Colleague: 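First the structure, then my questions, so here it is.
Within every chain, numbering begins at 1; the chains are lettered A, B, ... in the order of the sequence lines, protein sequences first and strands thereafter. Only heavy atoms go into these numbers, but all of them, side chains included; no hydrogens, no water, no symmetry mates. Quick caveat: nothing in here was measured; it's all calculated off a predicted structure.
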Protein chains: 2
Amino acid sequence: MKEKELRRSLAVLPMGTVMKLTSLTARQIRYYEAQGLITPERSDGNRRLYSLNDVDRLLEIRDYLADGVNIAGIKAIYDQQSAATMAKQSAQQQPLTDEDVRRILQDEFIRQGGLGHPNSGIQRPF
Amino acid sequence: MKEKELRRSLAVLPMGTVMKLTSLTARQIRYYEAQGLITPERSDGNRRLYSLNDVDRLLEIRDYLADGVNIAGIKAIYDQQSAATMAKQSAQQQPLTDEDVRRILQDEFIRQGGLGHPNSGIQRPF
DNA sequence: CTTTCATGTTAGAAAAGCTAACATGAAAGC
DNA sequence: GCTTTCATGTTAGCTTTTCTAACATGAAAG
């Protein structure tokens, strides 16, 4: 499933294509970017390049606006989502077991404690 | 799975993107088109638009050429493939059972024979 | 040595995209 | 009512990208 993700996040679509795919105007798309709702990549020549994920997000934005949500509201939603994602990532990164933690701290102590005289490998009982 | 196919055959990628995705030059890509190996769509303004399927085919072409197959050879391969596909499609369309065939022929005869001298529905033993 | 093949290179034109600025209709707030 | 704000339209001038067409070329084939 990694390849699909990769393809969906490949920034390869130019403005014109995205306009057609979303039925938004260039003005709208650039405005949403200016408001921080999307961040397309840029080509060497400074042209915007969008991914399929970007297109999906633009469609979402379109729907939110059609539902009367204003841009500040949409931004709030996305900020919240990314905060949640961050938290999840931290959580995922934290599948450090207690054992892992102990090992890491131990390493840390060994490296530190090793100042003038390699401290003979004293093992603190963490 | 229809959506995936649709996306893969959506012609949305401009030349520059395809160049990067395939590491081919514009000259090469246009030449392969001139030789009938690919047929990208065109934008209103006459710019070529490629799909992900096109990109895959270009990568195949690149590999064939690297393996010493010349363009005529590649074309032969693709012609053969599409012939095979055609045949398969016909075959798929042909899940007409003998019974179907008989019914169709019968209808045909009835419609035809049905005027001056209704041939009384004679059934030829096909 | 002459063709053929696959590709490079160049020139001139047109399309597409960029930024920046000003314009505007509808809502919101006073 | 009048004034802001929001989301979008419009325009202008400029740069990048792509297009076609033509000529150039190295390697292989004959």
Side-chain angles (χ1 to χ4, degrees), chain A residues 10-79, chain B residues 10-79:
Chain A
L10 249 190
V12 290
L13 309 174
M15 179 57 83
T17 293
V18 175
M19 290 172 63
K20 281 181 196 157
L21 258 35
T22 61
S23 58
L24 292 168
T25 65
R27 184 68 169 92
Q28 289 174 304
I29 296 170
R30 295 198 195 102
Y31 182 64
Y32 303 153
E33 178 184 349
Q35 301 308 307
L37 294 182
I38 39 168
T39 311
E41 298 188 14
R42 296 288 183 133
S43 75
D44 291 345
N46 199 39
R47 269 79 222 284
R48 271 167 263 253
L49 290 176
Y50 298 86
S51 69
L52 285 177
N53 280 331
D54 289 332
V55 170
D56 285 346
R57 170 161 287 212
L58 285 169
L59 290 172
E60 268 184 31
I61 293 171
R62 200 189 54 173
D63 291 347
Y64 277 130
L65 286 170
D67 285 357
V69 180
N70 69 9
I71 289 196
I74 300 172
K75 185 150 49 170
I77 291 168
Y78 287 149
D79 285 354
Chain B
L10 247 192
V12 290
L13 308 175
M15 178 57 84
T17 292
V18 175
M19 290 171 65
K20 280 181 197 159
L21 258 35
T22 62
S23 58
L24 292 167
T25 66
R27 184 69 169 92
Q28 289 175 303
I29 296 170
R30 295 197 196 103
Y31 182 64
Y32 304 153
E33 178 184 348
Q35 301 307 307
L37 294 182
I38 38 168
T39 311
E41 298 188 14
R42 295 288 183 131
S43 74
D44 291 345
N46 200 37
R47 270 80 221 285
R48 272 167 261 253
L49 290 176
Y50 299 87
S51 69
L52 285 176
N53 280 331
D54 290 331
V55 170
D56 286 344
R57 170 161 286 213
L58 285 169
L59 290 172
E60 269 184 31
I61 294 171
R62 200 189 54 173
D63 291 347
Y64 277 129
L65 286 170
D67 285 357
V69 180
N70 70 7
I71 288 195
I74 300 172
K75 185 150 48 171
I77 292 168
Y78 287 149
D79 285 355

Colleague: When you get a sec, tell me which of D:dC19, C:dA16, C:dT19 is the closest nucleotide to the side chain of B:R48?
Modeller: D:dC19
Colleague: Kindly point out which of C:dT19, C:dT7, D:dT8 is positioned nearest to the side chain of A:N46?
Modeller: C:dT19
Colleague: So which nucleotide from D:dA7, C:dT19, D:dT8 ends up closest to the side chain of A:N70?
Modeller: D:dA7
Colleague: Across all strands, who's sitting opposite D:dA29 as a Watson-Crick or G-U wobble pair, both distances under 3.5 Å?
Modeller: C:dT2
Colleague: With a cut-off of under 6.0 Å to the ring centre and 45° to the axis, is A:R57 in cation-pi contact with A:Y32?
Modeller: no
Colleague: Rounded off to whole Å, could you give me the CG-to-P distance for the B:L58 and C:dT7 pair?
Modeller: 12 Å
Colleague: Do side-chain atoms of B:K75 reach the backbone of B:G36 as a donor and acceptor pair under 3.5 angstrom?
Modeller: no
Colleague: Which residue lies toward the 5' end of DNA chain C, A:R30 or B:Q35, if each is placed at its nearest nucleotide?
Modeller: B:Q35
Colleague: Using atom CG of B:L24 as one end and atom P of C:dA6 as the other, report the distance to the nearest whole Å.
Modeller: 14 Å
Colleague: Flag the pair B:E33 and B:R42 as a salt bridge only when some basic side-chain nitrogen lies within less than 4.0 angstrom of an acidic carboxylate oxygen.
Modeller: yes
Colleague: Considering the options A:T17, A:V55, A:V18, which one meets the side-chain contact (heavy atoms from CB on, under 4.5 Å) requirement together with B:V12?
Modeller: A:T17
Colleague: Please state how far atom CE in A:M19 lies from atom C1' in D:dT8, giving the value in whole angstrom units.
Modeller: 13 Å
Colleague: Heavy-atom distance under 4.5 Å between the side chains of A:L21 and A:L58, does that happen here?
Modeller: no
Colleague: In whole angstroms, how far is the P atom of D:dA7 from the CD1 atom of A:I29?
Modeller: 16 Å
Colleague: Reckon B:Y32 has a side-chain N or O less than 4.0 Å from the OP1 or OP2 of C:dT7?
Modeller: yes
Colleague: Nearest-Å distance, CG (B:L49) to P (C:dA15)?
Modeller: 15 Å
Colleague: In whole angstrom, give the distance that lies between atom CG of B:L65 and atom P of D:dA28.
Modeller: 15 Å
Colleague: Across all strands, who's sitting opposite D:dC19 as a Watson-Crick or G-U wobble pair, both distances under 3.5 Å?
Modeller: C:dG12
Colleague: If the cut-off is 4.0 Å, is A:Y31 near the phosphate of D:dA7, judged by side-chain N/O to OP1 or OP2?
Modeller: yes
Colleague: With hydrogens left out and only the distance checked, is there a donor-acceptor pair under 3.5 Å joining A:R47's side chain and the base of D:dT15?
Modeller: yes
Colleague: Tell me: CD of A:E33 to C1' of D:dT8, nearest whole Å?
Modeller: 16 Å
Colleague: Can you find a side chain N or O atom of A:R27 that sits less than 4.0 Å from OP1 or OP2 on C:dT19?
Modeller: no
Colleague: Which one is paired to D:dA12, where only Watson-Crick or G-U wobble pairs with both distances under 3.5 angstrom count?
Modeller: C:dT19
Colleague: With a 4.0 Å limit, can you tell me whether B:S43 has a side-chain N or O closer than that to the phosphate oxygens OP1/OP2 of C:dA16?
Modeller: yes
Colleague: Could you give the CG-to-C1' distance, from B:L37 to C:dT7, as a whole number of Å?
Modeller: 15 Å
